[in-house]
Amino acid sequence: MKNKFLITLLLLVSILQAQDKQESYSFSLQQAIDHALEHNYTVINANRDIASAKQKKWETTAAGLPQINGAVDYQYNFELQKSIVPAEFFGGNPGEFAEVAFGTKQNMNARATLSQLIFDGSYIVALQASKTYLKYYENAKQKTNLEIKEMVINAYGNVLLAEESIAILEKNKTILSKTLSDTEETFKNGLIEEENVEQLQITLATINSNLNNAKRLEDIALKMLKVTLGIDISTELKLTDKLDNLTVSNLDLTFSQTEFAVTNNINYQIATNFTEQRSLELKLQKSKALPTLSANYNFGYNAFNDQFKFFQQDQKWLNYSNVGLSLNVPIFSSFGRQARTQQAKIALEQAKTQLTETEQQLKLQYEKAKSEYEFAVEEYATSKSNLNLAERIESKQQTKFTEGLSSSFDFSEAQRQLYTAQQSYLQSMVNIINKKAALEKILNKN
């Protein structure tokens, strides 16, 4: 009994520990993209849109397939309708009329109808439109994937930027704190003025403020990335890629020379899909001038009784059946049908104009994205060079300041120049990653 209690207790503890253990993730950039393309909330709903469109397509197809409907009608005639007949039919006097009630108090009818559409021009157009409808949502899903990919890259890069900024600021703080401590000792010995200490204190306070802000930004950027990935913001997430490595892997000027085929762009494909829809709407209006033909077959039973005994064995049911055709021929609509056709024709011309506009805008967007990526590469090289220069200048000024050959103002100015160069360099690396992603999006590159 004691052993059973211990086993139960251990199982309970293990279950509670498993519940308390938080799920954690560790992603490279590509792994983050792959995860988002499956679990991002917008992606999930885009997949549902496609599933719904497929059901809509089948709904349209089913409208032209055989339809079977059943019905049961029950009628209670608490007062039968009466008719007037010559009284002489019942032995009365000629010229007189008698009231006669026909029927029974209770009637029931059970029937089934089979109907089949034989020809309807609008149905043929609807089948074509259902394919276009599905294609639209497939294109929308592809566009969503491209947008989510770009969002993940930007969010991933922002987290790395915040991490690198924190690392640099902490390094600067450590070095500056040491310099301030040495300067305070020198001031206590009366070898320098108090202004030198105060200037360093101002710079250190600024670094502390920027460091705290960078930590807050890192937390926000990480949570934004988690939302984009489709995971809970309280979940632990570790990024395995480094900013330097991602920057180097995205340095490819030959990529910006890739020929731009506007027809491959998803926005152009969506605009083309919209034009196809307008074309089908025009065909639909024209098809309404054609006749429609359908067939139906009816089979049923009638039962009559003055009492409700329809489900008893002695109740007599009378069967009936018929088959028929229905032909509907539009003849004259007071030019209403023509007006709707002209509206559809105008809408089609508008869609064609929008397609041309989309093509020109996409070409412009490609040139802009290409230019921005090439500038980002150039800016990265410049920032890297400027950072090296700023480090050498700051190092020389620190040596001069320590030896009393330079003022605190000159040293602080060199420090600010270095800190600015550091942030510019980090931002230039993120810019390369982001601008490359924007160019890939325009090129519809997965």
Side-chain angles (χ1 to χ4, degrees), residues 29 153-187 192 194-228 233 236-247 376 379-402 406-435:
L29 177 56
I153 292 174
N154 291 340
Y156 199 102
N158 288 337
V159 175
L160 294 182
L161 174 62
E163 290 178 350
E164 292 294 334
S165 295
I166 291 172
I168 287 178
L169 287 170
E170 288 179 339
K171 178 183 177 182
N172 293 340
K173 178 182 177 179
T174 300
I175 294 174
L176 186 59
S177 296
K178 176 66 168 58
T179 304
L180 176 59
S181 177
D182 294 342
T183 304
E184 287 174 337
E185 290 297 323
T186 305
F187 169 69
I192 58 173
E194 186 178 10
E195 179 185 352
N196 294 332
V197 176
E198 294 173 338
Q199 188 66 57
L200 291 177
Q201 289 174 339
I202 292 174
T203 305
L204 182 60
T206 301
I207 288 180
N208 283 325
S209 177
N210 291 338
L211 179 58
N212 292 332
N213 184 54
K215 290 178 179 179
R216 290 191 293 268
L217 291 177
E218 180 193 25
D219 181 62
I220 294 173
L222 192 59
K223 288 179 178 177
M224 289 181 64
L225 176 59
K226 291 176 184 178
V227 170
T228 306
I233 60 173
E236 182 181 351
L237 175 62
K238 181 181 179 182
L239 309 188
T240 59
D241 276 334
K242 300 300 180 182
L243 189 58
D244 287 340
N245 296 335
L246 287 180
T247 302
E379 186 181 36
Y380 168 72
T382 302
S383 298
K384 189 174 183 179
S385 176
N386 290 342
L387 176 60
N388 292 331
L389 291 173
E391 287 175 344
R392 288 201 296 270
I393 292 172
E394 193 271 345
S395 178
K396 291 177 182 178
Q397 285 295 331
Q398 184 176 20
T399 301
K400 290 181 180 181
F401 176 75
T402 302
S406 176
S407 67
S408 60
F409 177 80
D410 292 334
F411 180 44
S412 296
E413 185 64 27
Q415 286 177 320
R416 282 191 291 270
Q417 183 174 264
L418 173 62
Y419 301 156
T420 301
Q422 289 171 340
Q423 293 303 316
S424 297
Y425 177 63
L426 292 179
Q427 188 61 53
S428 70
M429 289 194 287
V430 174
N431 287 342
I432 285 180
I433 298 170
N434 292 346
K435 298 306 180 182

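Quick note: residue numbers are just sequence positions, from 1.
- Side-chain atoms of Ser385 do not come within 3.5 Å of backbone N or O of Ala381 as any donor-acceptor pair.
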(request) Begin from the C-alpha positions of Tyr419 and Asn210 and carry the test side chain to side chain contact (heavy atoms under 4.5 Å, CB included) through to its verdict. (result) CA-CA 11 Å; Tyr419 301 156; Asn210 291 338; over 6 Å; no
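- Annotation for Ile432 and Ala376: closest pair CG1-O, 3.6 Å, computed over non-hydrogen atoms.
- Between Leu246 and Ile153 there is no side-chain heavy-atom pair separated by less than 4.5 Å.
- Note that the CG atom of Leu387 and the CG atom of Leu418 stand 6.5 Å from one another [nearest 0.5 Å].
- Between Leu161 atom CG and Ile166 atom CD1 the span is 10.0 Å, to the nearest 0.5 Å.
- In this structure, CD on Glu184 lies 10.0 Å from CD on Glu194, to the nearest 0.5 angstrom.
- More than 12 heavy atoms of other residues, nucleotides or ligands sit less than 6.0 Å from atom NZ of Lys226.
- Here CG of Asn196 is found 11.0 Å from CD of Gln201. Values are rounded to the nearest 0.5 Å.
- Counting only heavy atoms from C-beta outward, the side chains of Leu237 and Val159 never approach each other to under 4.5 Å.
- Of the possible donor and acceptor atoms, one in the side chain of Thr402 sits under 3.5 Å from a partner among the backbone N and O of Gln398.
- The line from CG of Asn431 to OG1 of Thr247 is 9.5 Å long, rounded to the nearest 0.5 Å.
- For residues 212-223, the set of pairs meeting the side chain to side chain donor-acceptor pair (under 3.5 Å) definition, not counting sequence neighbours, comprises Asp219-Lys223.
- Nearest heavy atoms, Ala421 versus Ala390: CB-CB, 3.8 Å.
- Here the closest heavy-atom approach between residue Ser165 and residue Leu426 is recorded as OG-CD1, 3.6 Å.
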(request) Check step by step if side chain to side chain contact (heavy atoms under 4.5 Å, CB included) holds for Lys171 and Ile175. (result) CA-CA 6 Å; Lys171 178 183 177 182; Ile175 294 174; 4.1 Å; yes
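- Between Tyr425 and the options Met429, Gln427, Gln423, a side-chain contact (heavy atoms from CB on, under 4.5 Å) holds for only Met429.
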(request) Decide side chain to side chain contact (heavy atoms under 4.5 Å, CB included) for Thr399 and Lys396; before the verdict, give the C-alpha distance in whole Å, the side-chain angles of both, and the deciding distance to 0.1 Å. (result) CA-CA 5 Å; Thr399 301; Lys396 291 177 182 178; 5.8 Å; no
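- Minimum heavy-atom separation, Leu180 to Val197: CD1-O, 3.7 Å.
- Residue Glu170 holds its CD atom at 5.0 Å from CG of Leu211, rounded to the nearest 0.5 Å.
- Listed by chain and number, the residues in a ring-ring contact (aromatic ring centres under 6.0 Å, His included) with Tyr156 amount to none (sequence neighbours excluded).
- A donor-acceptor contact shorter than 3.5 Å is absent between the side chain of Ser181 and the backbone of Ser177.
- Between Asn172 and Gln422 the shortest side-chain heavy-atom distance falls below 4.5 Å.
- Between Thr183 and Phe411, every side-chain heavy-atom pair lies at or beyond the 4.5 Å cut-off.
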(message) Does Ile220 form a side chain to side chain contact (heavy atoms under 4.5 Å, CB included) with Asn158? I'd like the steps, not just the answer.
(response) CA-CA 10 Å; Ile220 294 173; Asn158 288 337; over 6 Å; no
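- A donor-acceptor contact shorter than 3.5 Å links the side chain of Thr420 to the backbone of Arg416.
- In this structure, Leu160 and Asp241 approach most closely via the heavy-atom pair CD2-O, 3.4 Å.
- By the 6.0 Å contact criterion, CD on Glu195 is open, its count of non-hydrogen atoms from other residues, nucleotides or ligands being 12 or less.
- Across Asn154 and Asn434, no two heavy atoms sit closer than the pair OD1-OD1, 2.7 Å.
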